[in-house]
Amino acid sequence: MSQRPATPLLDLVTIPSDLRKLDASQLGQVADELRAEMIDAVSVTGGHLGAGLGVVELTVALHHVFNTPDDRVIWDVGHQAYPHKILTGRRDRIRTLRQAGGLSGFTKRTESEYDAFGAAHSSTSISAGLGMAVARDLQGGKNHVISVIGDGAMSAGMAYEAMNNAGAMHSRLIVILNDNDMSIAPPVGGMSAYLARLASGKTYLKLRDFGKQLTAQLPKRLDSAITRAVEHARGYVTGGTLFEELGFYYVGPIDGHNLDHLLPVLRNVRDAEVGAPILVHVVTQKGKGYAPAEASADKYHGVVKFDVVTGKQAKAPSNAPSYTKVFAQSLIKEAQADEKIVAITAAMPSGTGLDLFGQAFPKRTFDVGIAEQHAVTFAAGLATEGYKPFCAIYSTFLQRGYDQVVHDVALQNLPVRFALDRAGLVGADGPTHAGNYDVAYLGCIPNMVIMAAADEAELCHMVATAAAHNSGPIAFRYPRGDGVGVEMPEKGEVLEIGKGRVIREGNQIAILSLGTRLAEAQRAADELEKQGLSTTIVDARFAKPFDTELVRRLAQTHGVLLTVEEGSVGGFGSLVAQFLAEEGLLDGALRFRSLVLPDIYQDQDKPERMYAEAGLDAKGIVAKVRSALGIDRAEKIARA
């Protein structure tokens, strides 16, 4: 076990007001100690590493210059906020990150007054910041609002919608563009830093506003032409033309790791008296200051526990492939036989497995950036021309493209295939990334087919089924993590749409499982058999359309019918209940129960504990059956 790093200056900082007592010359050492502390903490907990390392100096500078928490700092996505958490009274708990009862891996309003806005989905910070700025103005406040957004998050339309609105409203809002891919910035250095300081200073700002006042006296067309020409000319020097056109005052780019550059610019921006929002373009390096992260292709974006000295990650051995890898390999096999198959990801190629597909078929793989709305309609366009698009988006992120699923895909009955990774609970990432709702939000849409894989072999079959399904949209869901170790087929089989499979036959209890709770349902059946309750187990495979013929038979031949799913209320169980009610199958002796995730946001924990808490493990299934039969109540009465 490595020894904790020495942090004599950081030890003096419990909250940001302590940081503001330090001299600016000491902040470089604070940043070095903060970086070391973060690396050590994440080596213990796992989590997002590279993004936080890239904003260490920026975090120190923001909390030194601005009067947080009165001044609001909003971290877009929030996965880069570990240094922020250490500086804002949570250092003593930083090694509980992403664990049960510990700190969230993202910003969370209930966790700290310094977390101005809870975030884990990207591109929301400018919208939220503008709302806070307007609220401040309405009540006559003077505090600052600062939205920190990455260049990746700027690929989402929502960010531009917010900027367009902010520019038109002339709101006093500060946006920090954290450019850590050099995707926007020209080279930065001493001259760029000098220009940024000059352009953010009061003298320049006053001259600029004075110039605007002068041209305002000219005829409107001439005024507009001169203003536009000046801003375009300035944009060619500094790279800010786009942001200026949106109504922002642009400053930068500046070196986000050089406090001598950051501090004076942030002070100037803080003290600026301008009638427009300001965008400060800061260039950083993801993974900065930790050699293994700097050398890694993904800059150690997300890691499990690791050795600080070597950077080697401690991955637990598994006898089964991950569901994500099974999806990717299955899709590659289908694409080898069908040149019309193409794949789309919204900035998550490795997370969805499409990096592997991209290696095999680079011209048939499309990463559209953090733009789920566009991804869905882009897929719809491909489908109109006879292609077979697989739109691979996490369940939690497809929520962002819901209107497009309804209007652009399903209404036109276009055969877009939705691969929903991270379905169900996701453990350490907590409620922001949980894929609880997709069956409910897709199940109410006409024309939609929904499948859920019970194991990795079933996922392989569902990829083949989706590839062969050309009569409308189809979605298949599968969880985070590894499969259960079943034997894998050489190639997936095309399943009959809407047909389930009987795993074992009984005559008293029927458990209808959708998704990977099937293994727990089988364990529950074993326990029920020991209690003298003959149990049928069915893998539904399809949530919509489900096997109505099979469900009718189960309802007519069993005393208790239970549905089990890794999703919210309103999903598979609700669809089955609707069918049973309409068919009159609930009018007799049948006792129907539906096991779903609780109607709460479950905090992070190990998935198995979360499912147990939800009553979706074998013990919970058995308890629900006994409750339906009144066994526990009868036994309690008998004992009394």
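Starting from 1, each residue takes its place in the sequence as its number.
- Electrostatic pairing of Lys288 and Glu57 does not count as a salt bridge here, judged by no charged N lying under 4.0 Å from a carboxylate O.
- In this pair, Phe390 and Phe327 present their aromatic rings tilted. The plane angle is within the 30 to 60° band.
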Exercise. Does the pair Ser123 and Arg400 meet the rule for a side chain to side chain contact (heavy atoms under 4.5 Å, CB included), with working shown?
Worked result: CA-CA 11 Å; Ser123 316; Arg400 297 162 64 100; 4.1 Å; yes
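- Of the options Phe357, Tyr387, Phe378, a ring pair (Phe, Tyr, Trp, His ring centres under 6.0 Å) to Phe366 is made by Phe378 and by none of the others.
- Note on Asp70 versus Lys142: no salt bridge recorded, every NZ/NE/NH1/NH2 to OD/OE distance being 4.0 Å or above.
- Between Trp75 and His84, the two ring planes are tilted [angle within 30° to 60°].
- Residues satisfying the salt bridge (Lys or Arg N to Asp or Glu O under 4.0 Å) criterion with Asp137, sequence neighbours excluded, are absent altogether.
- Counted by atom type alone, Asp421 and Thr324 present one or more donor-acceptor pairs between their side chains at under 3.5 Å.
- Inter-residue side-chain proximity for His48 and Gln80 is flagged as unmet; no heavy-atom pair is nearer than 4.5 Å.
- Remark: the Thr377 side chain and the Asp408 side chain contain an N/O donor-acceptor pair separated by less than 3.5 Å.
- The aromatic rings of Tyr478 and Phe476 sit parallel, their planes meeting at an angle under 30°, below the 60° perpendicular limit.
- In this structure the side chain of Leu420 never reaches within 4.5 angstrom of the side chain of Tyr394, judged on heavy atoms.
- Side-chain contact, Thr107 with Asp115: no donor N or O sits under 3.5 Å from an acceptor N or O.
- Note: His121 and Phe397 meet the aromatic proximity criterion, with ring centroids under 6.0 Å apart.
- Salt-bridge check for Lys85 with Glu111: passed, with a basic side-chain N closer than 4.0 Å to an acidic carboxylate O.
- Contact of the Asp429 side chain with the Gln604 side chain is not registered, since no non-hydrogen atoms from C-beta on lie closer than 4.5 Å.
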